[in-house]
Amino acid sequence: THLHPQTRYLLVVVSRSFADFTPQATFEIKKCDLHRLEEGPPLKAEMTREQGLQYYRTMQTVRRMELKADQLYKQKIIRGFCHLYDGQEACAAGIEAAINRSDHLITAYRAHGYTYTRGVAIKEILAELTGRKGGVAKGKGGSMHMYAPAFYGGNGIVGAQVPLGAGIALACQYQGNNQLCVTLYGDGAANQGQLFESFNMAALWKLPCIFICENNKYGMGTSVERASASTDYYKRGDFIPGLRVDGMDVLCVREATKFAADHCRSGKGPIIMELQTYRYHGHSMSDPGVSYRTREEIQEVRSKNDPISMLKDRLLSNNMASAEELKEIDVAIRKEVEDAAQYATSDPEPPLEELCNHIFYNNPPLEVRGTHPWSKLKSLS
């Protein structure tokens, strides 16, 4: 302990300052609108400092990853379709905070955020976007088709994941393992006929399925008012109970999802949640996103309702974290995303002879031209 008195004082201050953070706080959250429910989720939510930092890290990682994808797309390194999730991070973080990793999740094509929260590394996601061997689907799935254990992917066909999700919930019920399936769709898919068929079967069989409409206000370039005769998506299961939730507040989403999960696990059958959220980017990268809405509208949401800023304010104003600490987290995430991008741009593309692999799980049941792994392919370019 031959330290300069000043140094020793600093060490004491640093070690004490961590102990000085509030370990836990209770927050008032917005009341959910209810459909066919006597009562809804609580109006107060508890959050520990650890949870707060974890949610912050998750949302900030998804945000950075999507901004990096935006950049790689503009450099023509990512090709094809690319639908970004920035602005909607509280939905993914809040849902995951309320269910177990062994529960199942299936979503539409805006899937990068969920691929990450379901446990896939950033570099495997970015490498999939750039079509490289090290991608989560070996570079063959791209933006809309990534999968992980208990995660049945992004799905490219509008609304088609909803019957699949009901089927996964049927499997949970059949196996009696107390698991459930979270089935996500957007406001743009909400008028698909197959949704209502799935709702009907799920209600008849009391399937443990949480149907979640991520209402980001625009289906492609069409506002919800122009696309749906009723924009009360949480009521549109008719005979299925529903909740409308502030999808920009991670705690609101978490509490509502917990409520919905308890509903499903107690054998009451399916429930519908509508998360009112917002996307900052256009529908996909080919859509500038400002032809059907104003820049001012986007700025207003960013400045008043950003999910990450709202959580950050809660942490700081309740002395649950310091600004320096959050800055350090930001720097670490930025570095991780940079390294992942480096990997995603230097990893090789899958070789041509792998093009026909993985078409069948085992041997092809019949002769299909060009699908045999041993058929020799030549590049004509």
Side-chain angles (χ1 to χ4, degrees), residues 32-41 91 95-96 98-109 111 114 118 147 150-215 219 224 227-245 247 253 255-276:
C32 294
D33 297 321
L34 308 179
H35 171 64
R36 283 185 174 250
L37 288 165
E38 294 292 309
E39 53 182 310
C91 299
I95 290 168
E96 292 285 16
I99 61 172
N100 308 321
R101 188 44 76 78
S102 57
D103 288 320
H104 308 264
L105 192 142
I106 186 166
T107 187
Y109 41 72
Y114 290 101
R118 288 270 100 183
Y147 309 92
F151 174 58
Y152 304 82
N155 289 267
I157 297 174
V158 176
Q161 72 281 6
V162 176
L164 296 178
I168 296 163
L170 175 61
C172 295
Q173 186 191 62
Y174 185 70
Q175 292 173 347
N177 52 22
N178 203 30
Q179 293 170 3
L180 55 81
C181 183
V182 172
T183 302
L184 295 124
Y185 58 97
D187 51 283
N191 301 312
Q192 280 275 335
Q194 53 194 339
L195 264 77
F196 300 95
E197 297 173 37
S198 309
F199 290 170
N200 186 51
M201 290 166 90
L204 285 172
W205 297 344
K206 288 196 164 26
L207 300 181
C209 190
I210 309 176
F211 292 106
I212 300 183
C213 175
E214 287 185 291
N215 175 6
V224 290
S228 297
S230 162
T231 57
D232 289 338
Y233 296 106
Y234 70 112
K235 290 181 179 173
R236 294 189 49 191
D238 185 6
F239 37 78
I240 300 178
L243 297 164
R244 181 159 59 192
V245 186
V253 177
E255 292 306 312
T257 308
K258 267 187 193 162
F259 176 89
D262 290 344
H263 178 96
C264 287
R265 290 195 220 277
S266 65
K268 291 179 188 159
I271 188 166
I272 290 177
M273 275 168 53
E274 174 190 344
L275 303 180
Q276 292 189 303

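Only heavy atoms go into these numbers, but all of them, side chains included; no hydrogens, no water, no symmetry mates. What you are looking at is a predicted structure, and each value in this text was computed from that prediction instead of being measured.
- Note that SG of Cys172 and CG of Asn178 are 9.5 Å apart. Values are rounded to the nearest 0.5 Å.
- Minimum heavy-atom separation, Asn191 to Ser228: ND2-OG, 3.1 Å.
- Rounding to the nearest 0.5 Å gives a distance of 5.5 Å between OH of Tyr147 and CG of Asn155.
- A 4.5 Å side-chain heavy-atom check between Ile95 and Ile210 finds every atom pair outside the cut-off.
- When every heavy atom of Ala256 is checked against every heavy atom of Leu243, the shortest pair comes out as O-CD1, 3.9 Å.
- Closest heavy-atom contact between Asn100 and Arg118: O-NH2, 3.5 Å.
- Of all the heavy atoms in Val224 and Thr231, the pair that sits closest is O-CG2, 3.7 Å.
- Atom CD of residue Glu39 and atom SG of residue Cys32 lie 12.5 Å apart, to the nearest 0.5 angstrom.
- Across Gly165 and Cys209, no two heavy atoms sit closer than the pair O-SG, 4.2 Å.
- A donor-acceptor pair under 3.5 Å links the side-chain atoms of Gln173 to the main chain of Lys206, judged by distance alone.
- Side chain of Asp103 to backbone of Leu180: a donor-acceptor contact under 3.5 angstrom is found.
- Summarising the geometry, atom CG belonging to Asn177 is positioned 7.5 Å from atom OG belonging to Ser102; distances are rounded to the nearest 0.5 Å.
- Counted within 6.0 Å of CD1 on Ile157, heavy atoms from surrounding residues, nucleotides or ligands total 12 or fewer; the atom is thus considered open.
- Here the side chain of Gln192 pairs no donor or acceptor atom with the backbone of Gly159 at under 3.5 angstrom.
- Atom SG of Cys213 and atom CD1 of Ile272 lie 9.0 Å apart (nearest 0.5 Å).
- Taking 4.5 Å as the limit, some side-chain heavy atom of Tyr109 sits within range of a side-chain heavy atom of Val158.
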Let's go through Thr183 and Phe211 carefully: what are the C-alpha distance in whole Å and the side-chain angles of both, what is the deciding distance for side chain to side chain contact (heavy atoms under 4.5 Å, CB included) to 0.1 Å, and is it a yes or a no? CA-CA 5 Å; Thr183 302; Phe211 292 106; 4.0 Å; yes

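- With contacts defined as side-chain heavy-atom distances shorter than 4.5 Å, the pair Leu184/Ile106 does not qualify.
- To the nearest 0.5 Å, atoms CZ (Arg101) and CD (Gln179) are separated by 13.0 Å.
- Sorted by first and then second residue, the salt bridge (Lys or Arg N to Asp or Glu O under 4.0 Å) pairs with a member in residues 231-245 read Asp33-Arg244, Asp232-Lys235, Asp232-Arg244; sequence neighbours excluded.
- The shortest distance between side-chain heavy atoms of Leu105 and Tyr114 falls below 4.5 Å.
- Among Glu214, Gln194, Gln161, the one residue that satisfies the side-chain contact (heavy atoms from CB on, under 4.5 Å) test with Tyr185 is Gln161.
- Under the rule for a ring pair (Phe, Tyr, Trp, His ring centres under 6.0 Å), Phe239 has no partner lying at least two apart in sequence or in another chain.
- Contact of the Cys181 side chain with the Tyr152 side chain is not registered, since no non-hydrogen atoms from C-beta on lie closer than 4.5 Å.
- Pro270 approaches Ala202 most closely through the heavy-atom pair CD-O, 3.3 Å.
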